[in-house]
Every structure is written in structure tokens, then in C-alpha cells.
Number of protein chains: 2
Amino acid sequence: MQSKSRPSGQKSRSFIETARRAQIIASAIEVIAGHGFAKASLARIAEHAGISKGVISYHFAGKDKLMEEVVTQVYSEIVEAVSPMMMAQKSATALLRTQILGVAQHMRGHRTQLKALGEIFIHLRRPDGTPRYGITTSEELFQVLEHIYRLGQRNGEFRPFDIRVMAITHQAALDNMFAYWSAFPEHDLEAHARELADIFEHATRAEETPS
Amino acid sequence: MQSKSRPSGQKSRSFIETARRAQIIASAIEVIAGHGFAKASLARIAEHAGISKGVISYHFAGKDKLMEEVVTQVYSEIVEAVSPMMMAQKSATALLRTQILGVAQHMRGHRTQLKALGEIFIHLRRPDGTPRYGITTSEELFQVLEHIYRLGQRNGEFRPFDIRVMAITHQAALDNMFAYWSAFPEHDLEAHARELADIFEHATRAEETPS
DNA sequence: CTAAATTCTGGCCGTGCAGTCAAAAAGTAG
DNA sequence: CTACTTTTTGACTGCACGGCCAGAATTTAG
């Protein structure tokens, strides 16, 4: 026999439930972005949404599940935005630049979401202490980067280097852009992204073959 | 009238107090590295040190002060270890490589300290939510990197690029090495560092001037 | 030795947290 | 209106935390 509360995970959701869930996720994003992950308690999120705390428990199995859905939503928005731009590129060099600039461009219109994403990336851990949602463990993004670098080396566009270290470094640079760009209030995100694209272009490109 | 407990900050410290403080700092490092920053409560640190919780309050003005001293100690150990190697270098290119390899070499013998440092860097915030000890406010290390890059550009060894973005990226790569290299057990730290040095050498070096 | 200063103990307090629940309210259908 | 389901409320539980402190233990000074 099922517990009375909490709609099951599989059944189709009523309109009102879908709306509530979206509202709660939106509030979570705003609270995390505004007050930091540590201060984003269920009570605060509920207050920001103008509902009582129990409602969150009613609609989400727990705080972790809520955060998971926040990440999933924001992350899929990024992929959705950047993937089409990348499809159009032919060379690995262009792919590399498009990936970095695409992420930055999407961020520009979604500061709040991405601030929250960075907060969650940095703070949420598994019980064993390893990062839970950080991109270093997100195979999806890692595979995209590996693909770019592998392609570049196959084409001879890129010099030989350790693909894993390069991809990790690339991810770290993006993470850093996520996590800390708001700490430089005078800093221009797109300029940062362009510089980053330059840095990785220089870091990867094949040596000049003299004649 | 002074509070009865807590030796003042300025007086010279007795042997026993110095020893206790060192013991507490060491325990804090081990607990943070082992369980993560979030789980490093005063109670856990005290238990690990085999003393009662009150002792920590007696010797340190508060948890933040304790963390501050942990950071100061570990950080100064790194600088102490790497600075002499850097002194011996003449070119910016050599400085760059020495900085990365020196940090990695020091890390090799101080895994616990550096895991703890990374944890604190990532998690400790000011009340307003901005990072407290991260690279964005740690001017010391940032200035070292800025110095290297500025020197390289002045010498014409390095191409023109945004020094701040390059330094941030450099720092992110090091942070990443701090934070995650243990997640790849098969991975050789020194090989990672050599690759990293290569990456930044390629990223920074001046374009070939064809005679 | 005694007296005073230093150091330590262990329990207590208030706070904030995630999650629970009985009951109230709102919505829906006949 | 009535009977039923879905949704919401807000008080409550139990827990972990940082900080506090009266008094005990220990060390030092005279």
C-alpha cells in the first residue's frame, strides 16, 4: 500500500502539480543564486515561493531530489542552446571556440540560473564526499570535450597532448567561469570567454611544420 | 575587564598552548581532508584530537579563526617550498613550468594538507556570500601568477593576452589538480603536472616571428 | 607545602535544519 | 448539497551545530 501523500513518480501529473513543481524549482534557483547554496533551506525556498514548507516535501521526495531536478533543468537548457551551434561547425578548432563562446552566450541571458548551477556544482556532495553534480563527473560534457580534442588530433589540427588532462583543464576553466565570474563585478563575461577560447586554441594547435 | 578565558592574541604563548594549537590545526586538516569541510564540526575535530570541544574554543576565538590559521599554515608551507625553486629561474617560461611542477611536487608529500586547503577554499564564505579564501581574494598567489605572465609579456617570451584571465585559468587548473586528482587513482600526478605545464607553455608563448 | 594561574571538561543553550503528520482547505464529481 | 480526492498548512520531531561556562584538574610560582 502506498503512502497517502506524494504523487508517485510515474503517473502523469495534474496541471496544478506541474505548475507547483516549476514554481518551486524557479524559487530554488532564485534563492540559491541570491543567498548561496548553504543558505538555501527548504523553509527559505518555500517562503520565497509564498507557500508553506510542507508543499515542497509533498511534491519532491527530498531536498536532494529537488536539487537534482534544478540541475537537470538548467543543464539541459545549456545543452539545448549550445548543441545546435556546435552542429554547424566543421573543424575541431571551430568546435572548440563555439563550445566556449556558446556556453558564455547562453549564460549571458541566464545569470540567475547559472549562478545557482555554479553554487550547486561547488557545494553538493555525495555522502562519501565526492562531488555529486560537478562536471568533472558528468560524463556527458566530458565526452563532448573528449570528442572535440580527439577529432582535432585525428585531423592534425591539434598537436599531440594528453586528451584527458586537456579536457579536465577545459572543464575547470568553464567551472571557474561559472563559479566566480560574479565575483568580478567589473568583469565582462564575453571578453573572458573570448580570451578563454584563445587560450585553448593556442594550447591545442599543431606546431608549425616548417615547409 | 577581559573575559577570564582565552589568552590574548598578542601575548607570547606558553609551550603547552603552542603545542595544543598545532595539534588542533593538524586535527582540523585531517578531519577536513577526510570528511569534507561541511562535516568538519568542532566536535569532530576535538574528538579526532582526543580532547574536549571546549579546548578549541579556549585556544581559538571561533571556528572561522581556526580555519584562517589552517589556511595560513598550509599556504605558507607551499610558498616556502616552491619559492626557492622559482628564485633560481631566469625566464618567464621556466618560471611558469617551475611553478606548476613545484606545486605538484610539494603536493606529492602533502596530500592531506592540500585536500583540506582545497576544501576550505571552495566552501568558506564571507557573510555576504563572496568567497573568503578562494583565488578571487587571495592576492598573494594571484600576484605570483600575474608577475610571471607580466614578465613573460615584457620579455616578449609570451604573446599578448589578458593576464587576468590567464592567471584565473592557471589557478583553476591548479585548483582542479588539488581537488580532483585523487578521484583518478590510476593517474600520475606528476605526469598531469607536466602536461599542464605544456598546455600553459603553448597557451602563452609568442607567435613564431618568421625572421 | 600552599596559593594562584593556566588549561581542560562535559553538559547546557539557542538556532537552524530536513523531514513528518494530522487536520484543514480547496477542488471535483455525481 | 454530499462524498471523495488532491493539495496545503503549520506545528512538531529529532538532530547537529557553534558557542558558552561553572567548576574540576593540572601546572606553575612563592
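Computed from a predicted model, the values in this text were never measured in an experiment. Throughout, a chain's letter reflects where its sequence line sits, starting with A, and its residues are numbered from 1. Only heavy atoms go into these numbers, but all of them, side chains included; no hydrogens, no water, no symmetry mates.
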Point to revise | Selected nucleotide, minimal atom distance to B:Leu42 side chain, candidates C:dT9, C:dG19, D:dG19 | key: D:dG19

**Study point:** Main-chain N/O of B:Lys65 paired to B:Glu69 side chain as donor or acceptor, under 3.5 Å
**Key:** no

Check your understanding: A:His59 NE2 to C:dT20 C1': how many Å, rounded?
Key -> 16 Å

**Study point:** Any residue meeting ring pair (Phe, Tyr, Trp, His ring centres under 6.0 Å) with A:His147, in chain and number order, not counting sequence neighbours
**Key:** none

Practice item. Between C:dC17, C:dG19, C:dT6, spot the one nearest the side chain of A:Lys53, thanks. Key: C:dG19

**Study point:** Geometric class of the B:His106/B:His110 ring pair [parallel <30°, tilted 30-60°, perpendicular >60°]
**Key:** parallel

Review point. Which of these nucleotides, C:dT20, C:dC17, C:dT9, is closest to any side-chain atom of A:Arg44?
Key: C:dC17

Check your understanding: B:Lys39 has an atom NZ; how far is it from atom P of D:dC17, in whole Å?
Key -> 8 Å

Review point. Does A:Arg20 place a side-chain N or O at less than 4.0 Å from the phosphate oxygens OP1/OP2 of D:dT8?
Key: yes

**Study point:** Selected nucleotide, minimal atom distance to A:Tyr58 side chain, candidates C:dC17, D:dT9, D:dT6
**Key:** D:dT6

Practice item. Starting from C1' on D:dG19, measure out to CG on B:Leu66 and report it in whole angstrom. Key: 14 Å

Point to revise | Distance-only side-chain donor-acceptor flag, B:Arg20 / B:Gln23, under 3.5 Å | key: yes

**Study point:** Rounded distance in Å - CD (A:Glu47) to P (D:dT9)
**Key:** 13 Å

Revision key, fill the gap. Atom CD1 of B:Ile51 and atom C1' of D:dA24 are separated, to the nearest Å, by 17 Å

Practice item. State, to the nearest 10°, the angle formed by the axis through the first five base pairs of the helix from C:dC1-D:dG30 to C:dG30-D:dC1 and the axis through its last five. Key: 10°

What donor-acceptor contacts under 3.5 angstrom involve side-chain atoms of residues 40-52 of chain B, with partners at least two apart or in another chain?
residue : atom : partner : partner atom : Å
B:Ser41 : OG   : B:Arg44 : N            : 3.2
B:Arg44 : NE   : B:Lys39 : O            : 2.6
B:His48 : ND1  : B:Ser27 : OG           : 3.4
B:His48 : NE2  : B:Glu30 : OE1          : 3.2
B:Ser52 : OG   : B:Gly54 : N            : 3.4

Check your understanding: Whole Å only: how far is the NE2 atom of B:His35 from the C1' atom of D:dC17?
Key -> 16 Å

Study note, to complete from the structure: Heavy-atom nearest nucleotide on DNA chain D taken for B:Lys63 and for B:Gly54; more 5' hit belongs to B:Lys63

Point to revise | Integer-rounded Å distance: C:dG19 C1' and A:Lys65 NZ | key: 16 Å

**Study point:** Nearest-nucleotide pick for B:Ser41, side chain only, options being D:dT9, D:dC20, D:dG18
**Key:** D:dG18

Check your understanding: Which class fits the ring pair B:Tyr149 and B:His170: parallel under 30°, tilted 30 to 60°, perpendicular over 60°?
Key -> perpendicular

**Study point:** Main-chain N/O of B:Ile29 paired with B:Gln113 side-chain donor or acceptor, under 3.5 Å
**Key:** no

Exercise for review: Mind calculating the distance between CZ (A:Arg21) and P (D:dT6) to the nearest angstrom?
Suggested key: 16 Å

